Amino acid sequence: MSKTITVFGAGSGLGSSIAHRFGREGYRVALVARRRAPLDGLAARLRAEGVEADVFTADLTRTAEIPALIGQITDRFGAIDVVEYAPITTEPFTPATQLDAAKVQHYVNLYLLTPVEIVRAVLPGMLDRGDGGILIGQGVSAVHPTPFMSGVGPAMAAARNYVQTLNGEIADQGVYAGVLHVAAMIKGSAGYDAMVSGELPTGMDVAQIPTVHPDDLADTMWAMLTKRDRAEAIVPALGDA
């Protein structure tokens, strides 16, 4: 039976590219996001390419609902072999001086607590099979914090710590965990479209903001999973963006 990848935060950018990349490798694809219509469109495109795909709607900030969501996916596909978690927010960065607990809690739920709960649900099966992968995609602010560009960064930094320690504990049992830090705007993503349209103010010349194609990111994630020679990567490499 083919392996299954679940793409959490399956949008028009990285999520779509991941789904197509793994689909070409023979994976069945479970797509998770809030809005049904875009998911149905992506699933239809995958099926047209001969990939078995299905959709599941969920608000990933609602961590308590994750066990039921995982149950729905496993009822449909059986075991989840690979998790890819990279939800994108179109909210602007927040200066650290303006953060409050409520805003931080929102980001902590989305970028830390929910992936922890997903791993808690799928990891035992992966360890039993001696094979599996946890792939997290997030912004480079987790690694290199920048003044006036806080908010998501603290939560992502905590997730980075979690993924690296997790990989150190499970790598010798056949299961991989890795995090990809994206140091540019992802072409075709909701965030990129909001930035170009002016909906997401940046205070910068849009033409000067570095971009990266999601297919390149998907190729990097595939290499991380298959080679398992590093627990994190930054794309584009800093200095090359």
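Note that the structure is predicted; figures quoted are calculated from it, not measured.
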If every non-hydrogen atom of Asn167 is compared with every non-hydrogen atom of Ala231, which pair is closest and at what distance? ND2-CB, 3.8 Å
Let me confirm one number: the CD1-CD1 distance from Ile134 to Ile118, rounded to the nearest 0.5 Å. 8.5 Å
Using every non-hydrogen atom in the two residues, find where Ala184 and Pro236 come nearest and quote the distance to one decimal. CB-CD, 3.7 Å
Given side chains that start at C-beta, do those of Glu232 and Ile136 come closer than 4.5 Å, heavy atoms only? no
Any side-chain heavy atom of His181 within less than 4.5 Å of one from Gln138? yes
What pair of heavy atoms forms the shortest contact from Leu31 to Ala10, and how long is it? CD2-CB, 3.9 Å
Is there a donor-acceptor pair under 3.5 Å between the side chain of Asp81 and the backbone N or O of Thr4? yes
Going through the distances and angles, do Tyr85 and Val163 end up as a side-chain contact (heavy atoms from CB on, under 4.5 Å)? CA-CA 12 Å; Tyr85 189 91; Val163 171; over 6 Å; no
State the CD-CZ distance between Gln72 and Phe56, to the nearest 0.5 angstrom. 7.0 Å
Could you check if a side-chain atom of Val140 sits within less than 4.5 angstrom of a side-chain atom of Val182, using non-hydrogen atoms only? no
Excluding sequence neighbours, so at least two apart, what forms salt bridge (charged side-chain N to carboxylate O under 4.0 Å, His left out) with Asp216? none
Please find the pair of heavy atoms, one from Gly151 and one from Leu99, that lie closest to each other, and give the distance. CA-CD2, 3.8 Å
Hey, what do you get for CD (Glu84) to CG (Leu180), rounding to the nearest 0.5 Å? 9.0 Å
Are the side chains of Asp40 and Val55 in touch, meaning some heavy atoms are under 4.5 Å apart? yes
Inter-residue atom distance Thr6.OG1 - Arg76.CZ, 0.5 Å rounding: 11.0 Å
If I compare all heavy atoms of Thr220 with all of Arg230, which pair ends up nearest, and what's the gap? CG2-NH2, 3.9 Å
Heavy atoms from other residues, nucleotides or ligands near CZ of Arg34 exceed 12 (cutoff 6.0 Å): no
With Arg120, which residues qualify under salt bridge (charged side-chain N to carboxylate O under 4.0 Å, His left out), at least two apart? Glu117
side-chain contact (heavy atoms from CB on, under 4.5 Å), that's the test. Do Val152 and Ser141 meet it? Break it down for me. CA-CA 8 Å; Val152 296; Ser141 61; 4.1 Å; yes
Partners passing salt bridge (charged side-chain N to carboxylate O under 4.0 Å, His left out) against Glu25 (at least two apart in sequence or in another chain): Arg21
With a 3.5 Å distance limit and no angle check, can you tell me whether Thr114 reaches the backbone of Asn109 through a side-chain donor-acceptor pair? yes
Grab the two heavy atoms, one from Val32 and one from Ala58, that are nearest each other, plus how far apart they are. CG1-CB, 4.0 Å
So, does Arg28 use its side chain to make a donor-acceptor pair with the main chain of Phe77 at under 3.5 Å? yes
Can you measure from CZ (Phe22) to CE (Met221) and round to the nearest 0.5 angstrom? 8.0 Å
Output all residues satisfying ring pair (Phe, Tyr, Trp, His ring centres under 6.0 Å) with Tyr107, sequence neighbours left out; order by chain, then residue number. none
With sequence neighbours excluded, residues passing side-chain contact (heavy atoms from CB on, under 4.5 Å) with Pro95: Thr97, Gln98, Phe148
Are the side chain of Ser16 and the backbone N or O of Gly13 linked by a donor-acceptor pair below 3.5 Å? no
Test salt bridge (charged side-chain N to carboxylate O under 4.0 Å, His left out) applied to Asp128 - qualifying residues, sequence neighbours left out: none
Please test Arg160 against Met156 for side-chain contact (heavy atoms from CB on, under 4.5 Å), starting from the C-alpha separation and ending with a verdict. CA-CA 6 Å; Arg160 177 198 185 205; Met156 289 181 171; over 6 Å; no
Lys3 and Val82: CA distance, side-chain angles, deciding distance, side-chain contact (heavy atoms from CB on, under 4.5 Å) verdict: CA-CA 8 Å; Lys3 292 182 178 182; Val82 177; 5.9 Å; no
Rounded to the nearest 0.5 Å, how far does CZ of Arg45 lie from NE2 of His20? 5.5 Å
